[in-house]
Amino acid sequence: AEALSQTACDYIALGHVHAFSGVRTINNTRFAYPGTPEPRGFDETGARGVILGEVYKHHADLKFVPVSKREFLEVSIDVSDCGDYIAICDKITGSCVGADNLFKINLTGETDSGIFIDLPLIYERIKDQYFYVKLNDFTRPKLNIDALSQEFSLKGLFVKKLLEQGGSNDALKIGLAAISGEKVILP
């Protein structure tokens, strides 16, 4: 940044960074990473385009103009309230709009024990509505707390003790994740 501030340039177009940085100013020098005009993968989400404007002595009037035909979009959809795969498909198509876009859809939430997430079946039902779609199942089965508290295991003893002491739902989820060796994220 210090090197840019000492250039006395009106505008500096920077490269290598694949995401638009916004047009910034340091001292009287404006600069920006324009990003790429077309995305190349799911690590390059969001609008892609070019910087358009006029640059002349002591002035730079610049704006970002989206030009990409498609966007790579990663969307997480909580399917906890979906009773069957048709409801899951409807929730996906209601949440993911843009037939020309490329979607990575992460299904999340807790499902009833009778709900099986059949990704190939869901894919077949929604695939024609998108240029490209990839589905990931990150759902978890809903816990049967009563049955779990009756188990003779570390999890069962933890749940039983937590219920006796009136522990919260968050404490239950965090404790069970820790016992299972999962990454624990505190609310």
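Side chains included, hydrogens not; waters and symmetry mates left out as well; all remaining heavy atoms used.
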Enter the distance from [X]:[atom1] to [Y]:[atom2] here, rounded to the nearest 0.5 Å.
| X | Y | atom1 | atom2 | answer |
| --- | --- | --- | --- | --- |
| I26 | L4 | CD1 | CG | 6.5 Å |
| I12 | Y33 | CD1 | OH | 10.5 Å |
| Y132 | L73 | OH | CG | 13.0 Å |
| T7 | F31 | OG1 | CZ | 10.0 Å |
| K161 | S149 | NZ | OG | 13.0 Å |
| L102 | R70 | CG | CZ | 6.5 Å |

Of the non-hydrogen atoms in [X] and [Y], which two are nearest, and what is the gap between them?
| X | Y | answer |
| --- | --- | --- |
| Y11 | A60 | CB-CB, 4.3 Å |
| I77 | C96 | CD1-SG, 3.9 Å |
| C9 | T29 | O-OG1, 2.8 Å |
| F138 | N106 | CE1-OD1, 3.3 Å |
| L62 | G53 | CD2-CA, 4.1 Å |
| L162 | S168 | CD2-O, 4.0 Å |

Let me check something: do [X] and [Y] share a hydrophobic cluster, defined by ILVMFWY side-chain heavy atoms less than 4.5 Å apart, either directly or through other members?
| X | Y | value |
| --- | --- | --- |
| L154 | F158 | yes |
| V97 | I92 | no |
| L163 | L176 | yes |
| L107 | Y85 | yes |
| F42 | F103 | no |

* With a cut-off of 6.0 Å (strictly less than), are more than 12 heavy atoms of other residues, nucleotides or ligands near CD of E164? -> yes

Any side-chain heavy-atom pair of [X] and [Y] under 4.5 Å:
| X | Y | value |
| --- | --- | --- |
| I51 | V65 | no |
| V50 | P34 | no |
| T36 | F20 | no |
| P37 | S68 | no |
| L172 | I145 | yes |

* Pair D137, T139: side-chain N/O donor-acceptor within cut-off below 3.5 Å -> yes

* Regarding D78 and S80, is there a side-chain donor-to-acceptor distance under 3.5 Å anywhere? -> yes

* **salt bridge (charged side-chain N to carboxylate O under 4.0 Å, His left out) pairs, two or more places apart, involving residues 16-43** => R40-E44

* Asked: Which residue pairs pass the salt bridge (charged side-chain N to carboxylate O under 4.0 Å, His left out) test when at least one of the two sits in residues 90-107, sequence neighbours left out?
  -> D81-K91

* Has the side chain of D10 got a donor or acceptor atom that lies under 3.5 Å from a matching backbone atom of H58? -> yes

* Taking N101 for the side chain and E71 for the main chain, is one N or O donor matched with an acceptor at less than 3.5 Å? -> yes

* To do: Run the numbers on E110 and K173 for side-chain contact (heavy atoms from CB on, under 4.5 Å), then give the verdict.
  => CA-CA 12 Å; E110 295 180 345; K173 288 180 181 179; 3.7 Å; yes

* Check step by step if side-chain contact (heavy atoms from CB on, under 4.5 Å) holds for Y123 and V133. => CA-CA 8 Å; Y123 175 79; V133 65; 3.5 Å; yes

* Going through the checks in order, is the side-chain contact (heavy atoms from CB on, under 4.5 Å) test met by T93 and I126? -> CA-CA 7 Å; T93 56; I126 68 168; 4.0 Å; yes

